[in-house]
2 protein chains.
Amino acid sequence: MYSSELIKGTLKTIVLSLLAKRGRMYGYEITQCVKEETDGKIQLTEGALYPLLHRLEAEGLLETEKENIGKRVRKYYRLTESGNAEASSLVAEFQAFSKTINDLLHPFLLKPSYYA
Amino acid sequence: MYSSELIKGTLKTIVLSLLAKRGRMYGYEITQCVKEETDGKIQLTEGALYPLLHRLEAEGLLETEKENIGKRVRKYYRLTESGNAEASSLVAEFQAFSKTINDLLHPFLLKPSYYA
DNA sequence: TTTGATACATAAGAAACTGATGTATATTTG
DNA sequence: CAAATATACATCAGTTTCTTATGTATCAAA
């Protein structure tokens, strides 16, 4: 499990890029998907995720549609056009940032072969 | 310039690893060094840095010594033993995290050759 | 039927940063 | 030489965002 500080810094990037990848997801599904795909190393809490989804919707980056599942209502989110642009932008930023940090920490770095 | 959220998430990592690399630095020097080495893409603010240095010292990760430069007092920081361990640990965590995120965002990723 | 999973939401408190302000010395520049 | 800029520390009100807990409700499984 990674520190919450690291996760905080990329929470928006994770959520938006996941939606870009999968098209349409609901909140609970996002938490489960991230947990599974990272082998439990990243676990989003609902208290952090739901308010974020609401903020992103308010900012016009996400759209929602409700769907009835039995007697329950499930809320699906998908990217708007600007949400899609933002997702790409955040992913590119993370990659550049990651490289910058690695350069900065250079003497600490393990050999590139490690990442192969 | 990277988003403050990304920087926040790695601020401690940056500061501790820089001290591990250079042995001994004072606050202002850290801001300038990070700015130069990242071509201005990461600019630490003093309002974020000084309180962090104080916290890290209080946690026993850093030690200080004051030095008189003319009539001014300069405060040098260096890692304690546990600070050194923490630096290594945070760098390793960042690298693993970075890989995890890249895997998660996979369809967005540029080819590994990009990073060579 | 009770436990755990699914699925949403909110809110008090905590943590950390932003941006401003303050103090003071040193250097550079017009 | 006066003013502006750089060096160098520090603090703080306000903001943002997360943590942790709580709340509601349905559904499946034991």
Side-chain angles (χ1 to χ4, degrees), chain A residues 1-16 18-19 24-36 40 42-59 61-78 90 97, chain B residues 1-16 18-19 24-36 40 42-59 61-78 90 97:
Chain A
M1 182 67 174
Y2 298 120
S3 80
S4 68
E5 276 143 43
L6 277 181
I7 296 173
K8 271 187 210 177
T10 51
L11 185 53
K12 201 159 105 182
T13 306
I14 291 169
V15 169
L16 291 182
L18 212 55
L19 283 166
R24 196 177 87 122
M25 298 179 85
Y26 54 96
Y28 187 75
E29 186 184 13
I30 294 175
T31 66
Q32 299 307 303
C33 172
V34 169
K35 188 162 134 187
E36 277 164 37
I42 298 178
Q43 294 186 36
L44 308 184
T45 62
E46 292 176 296
L49 180 63
Y50 287 119
L52 172 64
L53 289 171
H54 301 162
R55 285 199 300 278
L56 295 174
E57 188 185 4
E59 287 170 31
L61 301 176
L62 297 181
E63 282 172 344
T64 59
E65 61 195 318
K66 288 178 179 166
E67 207 159 291
N68 293 314
I69 306 294
K71 284 181 184 171
R72 277 193 295 207
V73 178
R74 190 183 280 171
K75 202 164 157 189
Y76 278 95
Y77 291 86
R78 65 182 139 67
L90 287 179
F97 179 73
Chain B
M1 182 67 174
Y2 298 119
S3 80
S4 69
E5 277 143 43
L6 277 181
I7 296 172
K8 271 186 210 179
T10 50
L11 184 54
K12 201 158 102 180
T13 307
I14 291 168
V15 169
L16 291 182
L18 211 55
L19 282 165
R24 195 177 88 121
M25 298 179 86
Y26 53 96
Y28 186 77
E29 186 185 13
I30 294 175
T31 65
Q32 298 309 303
C33 172
V34 169
K35 187 162 135 188
E36 277 164 37
I42 297 178
Q43 294 185 36
L44 308 185
T45 62
E46 293 176 294
L49 180 63
Y50 288 120
L52 172 63
L53 290 171
H54 301 163
R55 285 199 300 279
L56 295 174
E57 187 185 4
E59 287 170 31
L61 300 177
L62 297 181
E63 283 173 343
T64 58
E65 61 193 319
K66 288 178 180 166
E67 206 158 293
N68 293 313
I69 306 293
K71 283 181 186 171
R72 279 193 293 206
V73 177
R74 190 183 280 172
K75 202 164 156 190
Y76 277 95
Y77 291 86
R78 66 182 139 66
L90 287 179
F97 178 73

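Numbers restart at 1 for each chain; the letters A, B, ... are given by sequence-line order, proteins then strands.
Look at B:Arg55 and you'll find a side-chain N or O under 4.0 angstrom from OP1 or OP2 of C:dC17. Between B:Tyr26 and D:dA8, a side-chain N or O to OP1/OP2 separation shorter than 4.0 Å is present. A:Tyr28 has a side-chain polar atom (N or O) that falls below the 4.0 Å cut-off from OP1 or OP2 of C:dT6. Contact check, A:Lys66 against C:dC8: no side-chain N or O comes under 4.0 Å of OP1 or OP2. Between A:Arg74 and D:dC27 there is no side-chain polar atom (N or O) within less than 4.0 angstrom of OP1 or OP2. In terms of phosphate contacts, B:Thr45 brings no side-chain nitrogen or oxygen within less than 4.0 Å of OP1 or OP2 of C:dG19. For the pair A:His54 and C:dC8, the criterion of a side-chain N or O lying under 4.0 Å from OP1 or OP2 is not met. The phosphate of C:dA15 (OP1 or OP2) has no side-chain N or O of B:Lys8 nearer than 4.0 angstrom.
Between B:Leu53 atom CG and D:dA8 atom P there is a gap of 14 Å when expressed in whole angstrom units. Between A:Leu49 atom CG and C:dT6 atom C1' there is a gap of 14 Å when expressed in whole angstrom units. As a whole-Å value, the separation of B:Asn68 CG from C:dT25 C1' is 13 Å. Rounded to whole Å, the distance from CG on A:Leu6 to P on D:dC18 is 14 Å. Rounded to an integer number of Å, the gap from A:Glu46 CD to C:dT10 P is 13 Å. In this structure, B:Gln32 places its CD atom 9 Å from P of D:dA8, rounding to the nearest Å. Distance B:Met1 CE to C:dC17 P: 13 Å, rounded to the nearest Å. With rounding to whole Å, B:Leu44 atom CG is found 16 Å from D:dC9 atom C1'.
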What do the steps show when you test B:Val34 against B:Val15 for side-chain contact (heavy atoms from CB on, under 4.5 Å), and what is the final call? CA-CA 9 Å; B:Val34 169; B:Val15 169; over 6 Å; no

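Of the possible polar contacts, one joining the A:Ser3 side chain to the A:Leu6 backbone as a donor-acceptor pair under 3.5 Å is found.
Considering only the side chain of B:Ala48, C:dT18 comes nearest among C:dT18, C:dA24, C:dT6. With distances taken from any side-chain atom of B:Tyr50 to the nucleotides D:dT7, C:dC8, D:dT11, the minimum falls on D:dT11.
At the heavy-atom level, B:Gly27 lies under 4.0 Å from the strands shown only through sugar-phosphate atoms. At the heavy-atom level, A:Leu52 lies nowhere under 4.0 Å from the strands shown. A:Leu11 comes within 4.0 angstrom of the backbone, heavy atoms only, and of no base. No engagement by A:Glu29 is indicated, since no non-hydrogen atom pair under 4.0 Å with the nucleic acid exists. In this structure, A:Gly70 reaches the sugar-phosphate backbone alone: every heavy-atom distance under 4.0 Å involves primed, P, OP1 or OP2 atoms, never a base.
The side chain to side chain contact (heavy atoms under 4.5 Å, CB included) with A:Arg24 is formed by just one residue from the set A:Glu63, A:Glu29, A:Glu67; it is A:Glu67.
Toward the 5′ end of DNA chain D lies the nearest nucleotide of A:Glu5, the other residue of the pair A:Ile69 and A:Glu5 mapping further downstream. Along DNA chain C, the nucleotide nearest to A:Lys75 and the one nearest to B:Pro51 differ in position, and the one closer to the 5' end is contacted by A:Lys75. Place A:Gly47 and A:Arg72 on DNA chain C by their nearest nucleotides, and A:Arg72 ends up nearer the 5' end.
The distance from atom CG of A:Leu52 to atom CG of A:Leu16, rounded to the nearest 0.5 Å, is 7.5 Å. A:Lys75 NZ to A:His54 NE2: the interatomic distance, rounded to the nearest 0.5 Å, is 4.0 Å.
Put simply, the side chain of A:Phe97 reaches to within 4.5 Å of the side chain of B:Thr10, judged on heavy atoms.
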